[in-house]
Amino acid sequence: MVRVRSLLPSLPPAERRVAQRVIDDPEGVANSTITELAQTCGTSETTVIRFCRAIGFHGYPELRLTLATEAGRAQSASGGRVIGSDISPDDSLEQIVEKVTFADARAVEETAAQLDIKMLEQVVDAVVNADRVDVYGVGASAFVAMDFQQKLHRIGRFCSAWADAHIMLTSAAVLGPTSVAVGISHTGATVETIDALEVAKSNGATTVALTNFPKSPIAEVADLILTTAARETTFRSGATASRLAQLTVVDCVFVGVAQRTFGPTRKALEATFEAVRGRTVRPDRRRR
């Protein structure tokens with residue numbers, strides 16, 4: 001299901017209808033013949049087979065078996081309850097909390113499960129060896145960019161996060177072969193972020209994309225691609241699950257860099273902790 005959602009925007013229209021059907025009703029698809037699925041989607045059996053191959057299966061039987069297995073696993077994980085990320089007008093506040101927390105937890109778990117460790121290692125290598133790291137993101141992704149900046153600054157790495165389109169471009173224009181540019185975009189189609197990454201790449205910088213869709217436009221200008229696995233629907237579009245998934249990947253990169261530079265990192269963490277230690281309210285100033 002993670003793979004289907006990530007490839008959905010890049011599929012041809014007919015295959016996209018099949019993919020959407022799989023996303024909307026995976027258990028129903030698992031119980032359907034290839035002819036029934038093709039008729040439901042208004043397409044041909046050949047298209048269904050092409051879709052199966054596009055997401056890495058040899059044919060439709062393998063897809064059905066996988067969907068049935070995942071459906072059982074999901075039901076077990078939710079304790080038999082039907083929990084989706086869609087919020088309906090009739091939901092109680094308790095149901096909203098249940099749906100939101102379940103979906104957020106799934107986003108983090110599924111992101112970790114599909115994360116390409118070899119690709120992550122290459123990103124860590126690039127950041128460790130870079131003289132500067134510039135991070136680009138707008139909207140909700142800008143907060144993730146700032147979090148990454150704060151983390152790297154805390155261990156003495158030179159990093160800047162930019163959300164303004166003009167500053168992103170001017171930043172990218174002065175990067176070079178020893179620099180790393182990171183573009184964060186859930187959809188992978190944010191024009192400002194793509195443009196900045198493209199300029200950075202043209203100047204020789206190593207470019208990294210963090211996106212939910214590995215075949216999105218931002219991937220075309222990235223040397224290295226890290227992917228999330230977040231589901232965004234209803235009131236949650238682009239603001240919650242995607243941000244948590246992005247922060248999970250950023251944390252993995254940060255800890256990887258910190259581990260590789262353990263000695264200097266430990267000294268920097270101690271120094272920065274000492275610098276702010278006195279900025280907490282003293283016990284004698286607290287209200288009684």
Side-chain angles (χ1 to χ4, degrees), residues 115-139 141-186 188 190-211 214 216-228 243 246-276:
L115 194 59
D116 187 331
I117 301 302
K118 290 184 179 180
M119 186 69 70
L120 177 64
E121 187 174 8
Q122 292 181 58
V123 173
V124 170
D125 288 342
V127 173
V128 167
N129 295 317
D131 60 355
R132 69 180 277 181
V133 178
D134 280 33
V135 192
Y136 310 126
V138 300
S141 295
F143 297 108
V144 180
M146 288 188 288
D147 180 78
F148 195 26
Q149 177 197 33
Q150 188 271 340
K151 281 181 166 65
L152 290 181
H153 263 300
R154 185 81 190 270
I155 61 172
R157 313 292 302 185
F158 183 75
C159 178
S160 299
W162 309 109
D164 179 89
H166 285 200
I167 298 178
M168 287 160 66
L169 289 172
T170 55
S171 152
V174 295
L175 297 182
T178 57
S179 308
V180 169
V182 181
I184 303 175
S185 171
H186 172 72
T190 307
V191 173
E192 294 85 352
T193 307
I194 295 171
D195 288 348
L197 217 58
E198 189 171 24
V199 171
K201 185 179 180 71
S202 69
N203 284 297
T206 299
T207 52
V208 180
L210 174 54
T211 179
S216 56
I218 199 171
E220 298 176 7
V221 295
D223 299 310
L224 304 170
I225 305 168
L226 295 174
T227 54
T228 56
R243 188 180 70 248
Q246 289 169 349
L247 288 170
T248 297
V249 177
V250 163
D251 283 350
C252 291
V253 175
F254 165 72
V255 173
V257 172
Q259 183 193 45
R260 291 277 298 278
T261 57
F262 190 83
T265 289
R266 186 169 183 176
K267 290 181 180 178
L269 287 174
E270 290 173 352
T272 52
F273 173 77
E274 187 65 28
V276 300

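Residues take their numbers from the sequence shown, with the count starting at 1.
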**Item:** With sequence neighbours excluded, residues passing salt bridge (Lys or Arg N to Asp or Glu O under 4.0 Å) with D125
**Value:**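 Per chain and number, D125 pairs via salt bridge (Lys or Arg N to Asp or Glu O under 4.0 Å) with R260.
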To the nearest 0.5 Å, tell me how far [X] [atom1] sits from [Y] [atom2].
X    : Y    : atom1 : atom2 : answer
M146 : C159 : CE    : SG    : 12.0 Å
D147 : D251 : CG    : CG    : 6.5 Å
Q122 : M119 : CD    : CE    : 5.5 Å
E192 : H166 : CD    : NE2   : 9.5 Å

Please report the shortest heavy-atom distance between [X] and [Y], naming the atom on each side.
X    : Y    : answer
G156 : A268 : N-CB, 4.1 Å
L115 : L120 : CD2-CD2, 4.0 Å
V208 : A222 : C-CB, 4.4 Å
I218 : S185 : CD1-CB, 4.2 Å
A145 : G137 : CB-N, 4.5 Å

**Prompt:** Can you tell which of I155, V127, V249 makes a side-chain contact (heavy atoms from CB on, under 4.5 Å) with F254?
**Reply:**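 Single pass found, and it is I155.
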**Prompt:** Do other residues, nucleotides or ligands put more than 12 heavy atoms under 6.0 Å from the CD atom of Q150?
**Reply:**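 Result for CD/Q150: enclosed.
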[X] vs [Y] side-chain heavy atoms within contact, under 4.5 Å:
X    : Y    : result
T206 : L224 : yes
T227 : D116 : no
T228 : T248 : no

**Request:** Just jot down the side-chain contact (heavy atoms from CB on, under 4.5 Å) partners of F273, sequence neighbours excluded, or say none.
**Result:**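 In terms of side-chain contact (heavy atoms from CB on, under 4.5 Å), with neighbours along the sequence ignored, F273 is linked to R154, R277.
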**Request:** Under the side-chain contact (heavy atoms from CB on, under 4.5 Å) rule, collect the residues that match up with S171, sequence neighbours excluded.
**Result:**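 Testing S171 for side-chain contact (heavy atoms from CB on, under 4.5 Å), a comparison that skips the adjacent residues, returns R132, D134, Y136, W162.
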For a quick test of your reading: what N or O donor-acceptor pairs under 3.5 Å do the side chains of residues 194-201 make, sequence neighbours left out?
{"from": "K201", "atom 1": "NZ", "to": "D223", "atom 2": "OD1", "distance (Å)": "2.5"}

**Item:** Residue list, side-chain hydrogen bond (donor to acceptor under 3.5 Å, both in side chains) with E270, at least two apart or on another chain
**Value:**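 Testing E270 for side-chain hydrogen bond (donor to acceptor under 3.5 Å, both in side chains), a comparison that skips the adjacent residues, returns none.
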**Asked** Is there a donor-acceptor pair under 3.5 Å between the side chain of H186 and the backbone N or O of S141?
**Response**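 Here the side-chain-to-backbone pair does not exist.
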Could you list the donor-acceptor pairs under 3.5 angstrom formed between side-chain atoms of residues 175-184 and any protein atom two or more places apart in sequence or on another chain?
{"from": "T178", "atom 1": "OG1", "to": "D131", "atom 2": "OD1", "distance (Å)": "3.3"}
{"from": "T178", "atom 1": "OG1", "to": "D131", "atom 2": "OD2", "distance (Å)": "2.8"}
{"from": "S179", "atom 1": "OG", "to": "D131", "atom 2": "OD1", "distance (Å)": "3.4"}
{"from": "S179", "atom 1": "OG", "to": "G176", "atom 2": "N", "distance (Å)": "3.3"}

**Request:** Starting from the C-alpha separation in whole Å, work towards a yes-or-no answer on side chain to side chain contact (heavy atoms under 4.5 Å, CB included) for R157 and T261.
**Result:** CA-CA 10 Å; R157 313 292 302 185; T261 57; 4.1 Å; yes
**Request:** Walk me through it: do M168 and V138 pass the test side chain to side chain contact (heavy atoms under 4.5 Å, CB included)?
**Result:** CA-CA 10 Å; M168 287 160 66; V138 300; 4.1 Å; yes
